[in-house]
*Asks:* 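Before I ask anything, here is the structure I am working with.
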Amino acid sequence: MEKKKALNNIDLWDLDNMCCGCTACFNVCPTKAITMTSNERGFYVPSVNVLKCISCGLCKKVCQIENIPQRNKPSDKYGIVNHNNDLRMKSSSGGLFSAILMKMFEQYPNRFHCFGVKFDDDLTAIHSCADSLSECADFRGSKYVQSDLNNVFTHIGQLLRQGDTVMFTGTGCQCAGLKNYIVTKHIDDSNLFVVDIVCHGAPSNGLWKDYIKAIEDTTGQKILSYKFRNKEDGWRGLHPLAILANGDMVERNKLFLSYGRFFGRLSLNVPCYSCKYANTKRIGDLTMGDYWGIEKSDCSFDDGKGVSLCLVNTQKGKLIFDGIRESIESYEIKDTSYLQPQLCAPTSRNILSKDFWKDYKNKGYMYVVKKYTGHSRGYSAVMKIFTKIKTICFIRWAPPKI
């Protein structure tokens with residue numbers, strides 16, 4: 001396996017091409033020799049301080065690049081709709097996450113903590129701890145950007161050691177990083193519930209911040225809040241909505257929709273294109289996402305307001321699901337309709353991805369917006385040719401046999 005020499009006496013992996021930025025090494029380091037920085041593409045990566053490193057090797061031991069935690073095939077699969085229509089409409093899909101939270105806070109009063117992703121005041125996506133149901137409202141809704149985990153794993157370890165119950169939600173690689181950290185630190189995980197999301201990769205915080213700045217520069221207003229999926233325009237598709245400081249709403253223009261195009265296959269982190277968790281071997285006790293494919297199984301269950309996918313992967317996951325039965329309507333999936341692409345294989349890399357990042361580095365955000373969002377003749381011509389090649393070669397995606 002390829003390695004890259006660090007700034008000191010320890011070898012790190014090829015960070016730009018292999019590291020997913022899970023922060024396990026950062027949290028496990030006993031001398032705080034590792035800090036999380038941003039690479040030139042804006043993704044979080046670790047950096048080692050030569051003066052603090054004692055070569056203990058814990059960073060390599062905890063790293064998921066060579067140490068993948070146990071994964072499990074789902075024993076049960078469900079489509080989920082929350083009985084509370086208000087919570088469902090505030091959610092990206094069917095309101096599964098809200099149903100879980102309500103039950104967990106009821107079952108573990110005063111000793112339950114949920115870790116999820118929210119936007120801070122500067123619209124940076126951060127993993128944060130919520131100690132009450134009301135605090136969890138900021139976790140609701142999809143955030144299509146790499147989140148800053150900071151010292152979350154250390155915080156979770158402290159809570160588990162004092163006997164509290166913790167639920168962590170994140171991408172497969174983030175959940176794997178947490179599990180490796182808990183094992184490496186010899187922490188009892190009996191009270192830890194891990195929920196992974198169906199993920200096809202995320203753009204960098206650097207790219208996201210350039211996008212936000214471009215909108216603010218164009219409108220002359222600070223963005224106060226942002227939704228990637230405003231369900232007033234329907235469940236399916238990407239319907240972003242930004243609320244500006246003057247109260248105006250931004251929904252549709254070429255610049256505003258550019259991030260959705262980037263989020264496709266063009267600007268993901270390199271490890272996303274070979275993700276170990278983009279399959280049905282799941283890292284979490286539960287897996288949640290959108291039930292894309294419901295129309296192939298039972299159209300009567302889909303009213304256009306959103307349906308969650310729930311995969312029950314462990315006994316802990318079954319405990320969670322059994323606890324929320326009264327607050328949801330569930331549809332047991334007995335076919336392959338749930339097998340959306342990201343449960344079968346990693347996202348494929350756009351043929352122009354390397355050119356995109358080169359242009360982004362050398363010419364900036366607004367240049368790549370104009371060149372790669374379908375508004376330049378060159379980009380459009382290349383993609384039309386690529387589409388024709390796919391058609392001629394009969395490249396089609398279909399769920400694999402299981």
*Asks:* Any donor-acceptor pair under 3.5 Å linking the side-chain atoms of T23 with those of Q174?
*Replies:*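 On atom types as modelled, these side chains do not qualify, holding no pair under 3.5 Å.
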*Asks:* Is a salt bridge present between K213 and E216, judged by a nitrogen-to-oxygen distance below 4.0 Å?
*Replies:*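 The answer is no: the pair does not qualify as a salt bridge.
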*Asks:* According to side chain to side chain contact (heavy atoms under 4.5 Å, CB included), who are the partners of S267, at least two apart in sequence or on a separate chain?
*Replies:*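 For S267 the side chain to side chain contact (heavy atoms under 4.5 Å, CB included) partners, ignoring immediate neighbours, are P203, L207, F262, F356, W357.
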*Asks:* Applying ring-ring contact (aromatic ring centres under 6.0 Å, His included), which residue pairs with at least one partner in residues 305-337 are found, sequence neighbours left out?
*Replies:*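 Output for this query lists Y78-F321, F301-Y331.
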*Asks:* Going from CZ on R111 to CG on D131, what distance comes out if it is rounded to the nearest 0.5 angstrom?
*Replies:*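 Spacing of CZ (R111) from CG (D131) equals 11.5 Å.
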*Asks:* Hey, is CG on N110 packed in by over 12 heavy atoms from elsewhere, all under 6.0 Å?
*Replies:*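 Count not over threshold, so no.
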*Asks:* Might you confirm whether atom NZ of K209 has over 12 heavy atoms from other residues, nucleotides or ligands at distances under 6.0 Å?
*Replies:*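 Enclosed.
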*Asks:* Compute whether any side-chain donor of one residue and acceptor of the other, for S330 and R325, lie under 3.5 angstrom apart.
*Replies:*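 Checked: S330/R325 side chains show no N/O donor-acceptor pair below 3.5 Å.
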*Asks:* Check the angle between the aromatic planes of Y181 and F153 and answer parallel, tilted or perpendicular using the 30° and 60° thresholds.
*Replies:*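 Geometry flag for F153 against Y181: tilted rings.
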*Asks:* Answer yes or no: is there a side-chain heavy-atom contact under 4.5 Å between I100 and L96?
*Replies:*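 Side chain of I100 against side chain of L96, heavy atoms only: contact under 4.5 Å found.
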*Asks:* Quick one about N84 and N82 (side-chain donor to acceptor, distance below 3.5 Å, no hydrogens or angles considered), yes or no?
*Replies:*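 Looking only at side-chain atoms, N84 and N82 do not form any donor-acceptor pair under 3.5 Å.
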*Asks:* Using distance alone, with no hydrogens and no angle criterion, decide if D122 and T124 have a side-chain donor and acceptor under 3.5 Å apart.
*Replies:*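 Side chains of D122 and T124: no pair found under 3.5 Å.
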*Asks:* What I'd like to find out is whether the side chain of Y273 reaches to under 4.5 Å of the side chain of P346, using heavy atoms alone.
*Replies:*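 Counting from C-beta outward, Y273 and P346 never come under 4.5 Å.
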*Asks:* Under a 3.5 Å threshold, yes or no: a donor from one side chain and an acceptor from the other, between K318 and S75?
*Replies:*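 S75 and K318 do not have a side-chain donor-acceptor pair below 3.5 Å.
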*Asks:* Under the salt bridge (Lys or Arg N to Asp or Glu O under 4.0 Å) test, which residues partner E135, sequence neighbours left out?
*Replies:*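 Partners of E135 by the salt bridge (Lys or Arg N to Asp or Glu O under 4.0 Å) criterion come out as none, since no residue qualifies.
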*Asks:* Please determine, by modelled atom types, if N150 and H127 share a side-chain donor-acceptor pair under 3.5 angstrom.
*Replies:*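 No - no donor-acceptor pair under 3.5 Å links their side chains.
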*Asks:* Under 3.5 Å, is there a donor-acceptor pair between the side chain of D189 and the main chain of L192?
*Replies:*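 No.
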*Asks:* Is it the case that more than 12 heavy atoms not belonging to D303 sit under 6.0 Å from its CG atom?
*Replies:*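 Above 12, so yes.
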*Asks:* Just wondering, more than 12 heavy atoms not from M102 lying within 6.0 Å of its CE?
*Replies:*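 Result for CE/M102: open.
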*Asks:* Would you say that more than 12 heavy atoms from the other residues, nucleotides or ligands in this model lie under 6.0 Å from the NZ of K118, or not?
*Replies:*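 Atom NZ in K118 is not crowded, with 12 or fewer foreign heavy atoms closer than 6.0 Å.
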*Asks:* Under a 4.5 Å cut-off applied to non-hydrogen side-chain atoms, are I126 and V117 in contact?
*Replies:*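 Not in contact.
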*Asks:* Kindly say whether P271 contributes a backbone atom to a donor-acceptor pair with the side chain of N269 at under 3.5 angstrom?
*Replies:*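 Looks like no, no N/O pair under 3.5 Å.
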*Asks:* Would you mind reporting whether L241 and V250 have side-chain heavy atoms less than 4.5 Å apart?
*Replies:*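 No, too far: nothing below the 4.5 Å cut-off.
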*Asks:* Can you tell me if S353 uses its side chain to pair, donor with acceptor, with the backbone of R349 under 3.5 Å?
*Replies:*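 Not a single qualifying donor-acceptor pair exists.
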*Asks:* Go through the structure and list residues passing side chain to side chain contact (heavy atoms under 4.5 Å, CB included) with T218, not counting sequence neighbours.
*Replies:*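 Result, side chain to side chain contact (heavy atoms under 4.5 Å, CB included) vs T218: L255.
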*Asks:* Using a strict threshold of under 4.0 Å (side-chain N to carboxylate O), is an ion pair present between E295 and R236?
*Replies:*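 Yes.
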*Asks:* When you compare the side chain of V270 with that of R41, does any pair of heavy atoms fall below 4.5 Å?
*Replies:*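 With C-beta onward as the side chain, the pair touches.
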*Asks:* Decide side chain to side chain donor-acceptor pair (under 3.5 Å) for K52 and T31; before the verdict, give the C-alpha distance in whole Å, the side-chain angles of both, and the deciding distance to 0.1 Å.
*Replies:* CA-CA 6 Å; K52 293 183 178 180; T31 63; over 6 Å; no
*Asks:* State, without any angle test, whether T347 and H200 hold a side-chain donor-acceptor pair at a distance under 3.5 Å.
*Replies:*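 No donor-acceptor contact under 3.5 Å links the two side chains.
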*Asks:* On the 0 to 90° scale, with breaks at 30° and 60°, tag the F228-W208 ring pair as parallel, tilted or perpendicular.
*Replies:*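 Plane angle between 30° and 60°, so tilted.
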*Asks:* More than 12 non-hydrogen atoms from neighbouring residues, nucleotides or ligands closer than 6.0 Å to CD on Q162, yes or no?
*Replies:*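 Yes, CD of Q162 has more than 12 neighbouring heavy atoms, counting only those of other groups under 6.0 Å.
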*Asks:* Evaluate the side-chain proximity of C114 to M104: yes if any heavy-atom separation is below 4.5 Å, no if none is.
*Replies:*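 Not touching, per the 4.5 Å side-chain cut-off.
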*Asks:* Judged by modelled atom types alone, do Y367 and Y372 share a side-chain donor-acceptor pair under 3.5 Å?
*Replies:*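 Checked: Y367/Y372 side chains show no N/O donor-acceptor pair below 3.5 Å.
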*Asks:* Does K276, at its NZ atom, have more than 12 non-hydrogen atoms belonging to other residues, nucleotides or ligands within less than 6.0 Å?
*Replies:*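 Enclosed.
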*Asks:* V81 versus R88: any side-chain heavy-atom pair under 4.5 Å?
*Replies:*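 Contact flag for V81/R88 side chains = yes.
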*Asks:* Answer whether the closest heavy-atom distance between the side chains of R161 and I187 falls below 4.5 Å.
*Replies:*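 Side chain of R161 against side chain of I187, heavy atoms only: contact under 4.5 Å found.
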*Asks:* Identify, with sequence neighbours excluded, every residue that meets side chain to side chain contact (heavy atoms under 4.5 Å, CB included) alongside S327.
*Replies:*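 With neighbours one apart ignored, the set is A99, I324.
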*Asks:* Strictly by modelled atom types, are S92 and S142 linked by a side-chain donor-acceptor pair under 3.5 Å?
*Replies:*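 On atom types as modelled, these side chains qualify, holding a pair under 3.5 Å.
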*Asks:* With under 30° as parallel and over 60° as perpendicular, where do the rings of F168 and F115 fit, or are they tilted in between?
*Replies:*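 If you compare the ring of F168 with that of F115, the planes turn out tilted.
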*Asks:* Under 3.5 Å, sequence neighbours excluded: what are the donor-acceptor pairs made by side chains of residues 285-292?
*Replies:*
residue, atom, partner, partner atom, Å
D285, OD1, T314, OG1, 2.8
D285, OD2, V194, N, 2.8
T287, OG1, D196, OD1, 3.0
T287, OG1, D196, OD2, 3.1
T287, OG1, R282, NE, 3.2
T287, OG1, N313, ND2, 3.0
D290, OD1, R229, NH2, 2.9
D290, OD1, W235, NE1, 2.8
D290, OD2, R229, NH1, 2.8
Y291, OH, S337, OG, 2.6

